[in-house]
Amino acid sequence: MENQQALIAQCEETARKWMTDSCYDAETQKAVKAMVENPDKTELIDSFYRTLEFGTGGLRGIMGPGTNRMNIYTVGAATQGLSNYLNLNFKDRDEISVVVGHDSRNNSRLFAETAANIFSANGIKVYLFDDMRPTPEMSFAIRHLGCQSGIILTASHNPKEYNGYKAYWDDGAQVLAPHDKGIIDEVNKVSVEDIKFEGKPELIVTIGKEIDDIYLEKVHSLSIDPECIKRQKDLKIVYTPLHGTGMMLIPQSLKLWGFESVHTVPEQMVKDGNFPTVVSPNPENGEALTMALDLAKKIDADIVMASDPDADRVGMACKNDKGEWILVDGNQTCMIFLYYIIMNRKAQGKMKGNEFIVKTIVTTELIKAIAEKNEIKMYDCYTGFKWIARQIRLDEGKLQYIGGGEESYGFLAEDFVRDKDAVSACSLLAEICAWAKDQGKTLYDVLMDIYMEYGLSVNKTINVVKPGKSGADEIKAMMENFRKERPKEIAGSQVVCTKDYGVLKQYDAAGNESPLDFPEASNVLQWYTADGTKVSVRPSGTEPKIKFYIEVKAQMGCPKCYVPATAEAAEKVEAVKKSLGL
């Protein structure tokens with residue numbers, strides 16, 4: 001009780017500064033006053049118990065007044081800190097420039113314009129998109145325009161209450177060491193009085209269609225088999241942007257690739273940060289594809305695809321061997337993309353022997369099997385596309401990147417963008433469907449072909465949500481306990497390898513340790529068992545949750561065996577969950 005009273009007193013002290021300091025606008029002061037005067041201190045504590053941390057992924061949080069909320073002051077501090085770091089890091093340049101983009105969320109345009117003004121007030125040239133645009137296009141624009149940095153205002157696929165701020169470096173990728181720590185240090189030095197809100201309009205340049213056209217042409221260059229598309233130009237595609245930025249470019253890209261039967265969901269081709277037609281605008285959730293599937297059934301479509309609000313992730317559905325619509329998960333999606341790229345580049349004699357692919361450590365191990373059988377170099381990296389981008393940068397000029405992805409529905413087929421890209425992914429997905437149809441197959445048949453050749457594994461992600469300060473403490477305690485009491489068996493199978501990325505060490509069943517070759521420590525644990533099960537656990541860097549990624553092997557003798565094999569695997573997943581107390 002004493003601790004709670006002390007926390008309330010601390011939050012009230014911080015909040016009173018927001019009520020009285022002339023730096024804060026009248027509307028903000030009024031809202032904060034209401035929190036302080038409310039007998040229920042829950043909102044006050046959640047809004048002020050900490051300062052929303054500018055981490056290695058930027059900012060992400062619920063919108064509203066307070067130090068722990070997304071608002072013009074937290075966005076302002078982040079931008080002022082980034083401006084200070086850019087001016088220090090590039091002090092010898094005649095001109096420093098950045099790209100500013102945003103998604104369809106409430107306040108995204110306001111935050112983008114606020115950031116543009118602050119950059120310009122600090123003498124930095126700003127290329128500001130005229131309207132919402134996909135995250136990958138912002139990444140492309142940094143490289144194309146020769147900028148030193150860029151930001152996008154987005155909370156990706158989070159619920160409508162959230163917004164976020166992602167910072168990028170001159171290679172078009174999200175910032176990594178040493179710049180991430182350098183920017184964080186500068187942001188932490190900023191107080192509200194330091195933020196230069198008054199912009200210099202002469203340093204702000206509006207960009208739009210001219211960048212769209214160049215980017216779309218580059219995306220079109222990724223087509224591997226345009227002749228196949230010509231034969232299957234009437235492939236029936238249903239696409240939804242889920243009220244987000246994908247509507248700006250994805251239908252246009254599909255048309256440029258040669259697809260003439262693209263059907264969009266009209267109710268979701270509406271820019272709306274409230275995402276009124278879905279519970280959550282996340283293509284990982286089957287519910288978000290409901291309206292698209294209804295349309296697909298009505299017109300007997302070949303494929304359904306959906307992008308999230310900032311159009312970097314793609315979710316999809318296809319018909320199974322019984323003609324029933326099923327969802328294709330992120331691991332399957334990544335696997336299909338890489339399988340198609342490798343098989344068709346080989347078939348066309350485009351392989352030179354220096355190609356490589358990348359996946360994240362929590363993504364299916366079947367991709368490793370595909371790479372090994374086809375003698376393609378594969379890298380494992382941490383979760384997050386900045387790590388895939390890092391590998392592309394390390395091998396630039398030496399090896400040829402041909403694709404990479406992660407289980408969370410992100411894929412990147414190109415190296416002229418350095419973040420996951422739903423614009424190119426949707427276009428390439430349509431081509432894969434056309435290629436399958438050209439052979440009298442469906443996307444489902446292609447998936448079965450992969451399983452028959454490389455084996456079947458089933459993946460399940462469990463999200464344990466723990467909101468607020470108490471939740472953060474619980475998540476920390478869970479990770480500490482897993483480290484202290486390493487599981488010896490999971491679901492009846494011996495743990496033969498434990499990887500602890502927090503200390504960059506791995507341990508065999510006897511406890512012998514060896515180093516893990518990764519660029520830095522990360523709060524991730526993995527367990528591998530004798531029967532081929534893999535379990536990964538990590539706290540989310542952007543949401544109040546801890547994530548468990550479970551992969552189990554299953555026996556599949558023929559394509560018709562898929563359903564019973566996955567049912568058997570599902571039982572195994574439940575046994576794994578029980579072992580871990582989930």
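None of these values were measured; they are calculated from a predicted model.
Put simply, the side chain of Ser156 never gets that close to the backbone of Asn158: no donor and acceptor are under 3.5 Å apart. Between the side chain of Asp308 and the main chain of Arg313, a donor-acceptor pair closer than 3.5 Å is present. A donor-acceptor contact shorter than 3.5 Å links the side chain of Asp25 to the backbone of Thr28. Side chain of Thr114 to backbone of Ile72: no donor-acceptor contact under 3.5 angstrom is found. Although no hydrogens or angles enter the test, the distance criterion places no donor-acceptor pair under 3.5 Å between the side chain of Thr360 and the main chain of Glu406. In this structure, Ser108 contributes its side chain and Ser104 its backbone to no donor-acceptor pair below 3.5 Å. No donor-acceptor pair closer than 3.5 Å links the side chain of His243 to the backbone N or O of Phe275.
A salt bridge is absent between Glu551 and Lys460; no separation between the charged side-chain nitrogens and carboxylate oxygens falls under 4.0 Å. Ionic pairing of Glu37 and Arg16 is not present here: no N-O contact between side-chain nitrogen and carboxylate oxygen is shorter than 4.0 angstrom. One finds no salt bridge joining Lys484 and Glu480 here, because no Lys/Arg side-chain nitrogen approaches an Asp/Glu carboxylate oxygen to under 4.0 Å. For the pair Asp130 and Arg133, the salt-bridge criterion is met [side-chain N within less than 4.0 Å of a carboxylate O]. Ionic pairing of Asp500 and Lys505 is not present here: no N-O contact between side-chain nitrogen and carboxylate oxygen is shorter than 4.0 angstrom. Between Lys17 and Glu193 there is no salt bridge, since no side-chain N of the basic residue sits under 4.0 Å from a carboxylate O of the acidic one. For Asp131 and Arg109, the salt-bridge test fails: no basic side-chain N is under 4.0 Å from an acidic carboxylate O.
A donor-acceptor contact under 3.5 angstrom links the side chains of Ser424 and Glu414, judged on distance only. No hydrogens or angles considered: nothing links the side chains of Glu407 and Thr363 as a donor-acceptor pair under 3.5 Å. For the residue pair Arg50 / Asn68, a side-chain donor-acceptor distance below 3.5 Å is found, with atom types taken as modelled. Residues Thr79 and Tyr165 have side chains that bring a donor and an acceptor to within less than 3.5 angstrom of each other. Side-chain contact check for Asn122 and Asn87: no donor-acceptor pair (N or O, by modelled atom type) lies under 3.5 Å. Using modelled atom types, one finds a donor on one side chain and an acceptor on the other under 3.5 Å when comparing Asp103 with Thr154.
When all heavy atoms of Ala422 and Ile250 are compared, the closest pair comes out as O-CD1, 3.8 Å.
Listed by first then second residue, pairs satisfying salt bridge (Lys or Arg N to Asp or Glu O under 4.0 Å) with a partner in residues 379-393 read Asp171-Arg393, Lys359-Asp380, not counting sequence neighbours.
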Subject >> Trace of the side-chain hydrogen bond (donor to acceptor under 3.5 Å, both in side chains) decision for Tyr127 with Lys125 >> reply: CA-CA 7 Å; Tyr127 294 98; Lys125 184 175 182 178; 3.2 Å; yes
**OP:** Apply side-chain hydrogen bond (donor to acceptor under 3.5 Å, both in side chains) to Thr364 and Asn331, showing your working.
**Re:** CA-CA 6 Å; Thr364 177; Asn331 281 291; 4.9 Å; no
Subject >> Verdict with supporting geometry, Asn117 and Ser120, side-chain hydrogen bond (donor to acceptor under 3.5 Å, both in side chains) >> reply: CA-CA 5 Å; Asn117 282 331; Ser120 68; 4.6 Å; no
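Cation-pi contact between Arg486 and Tyr507: present, with separation from the ring centre below 6.0 Å and deviation from the ring axis of at most 45°.
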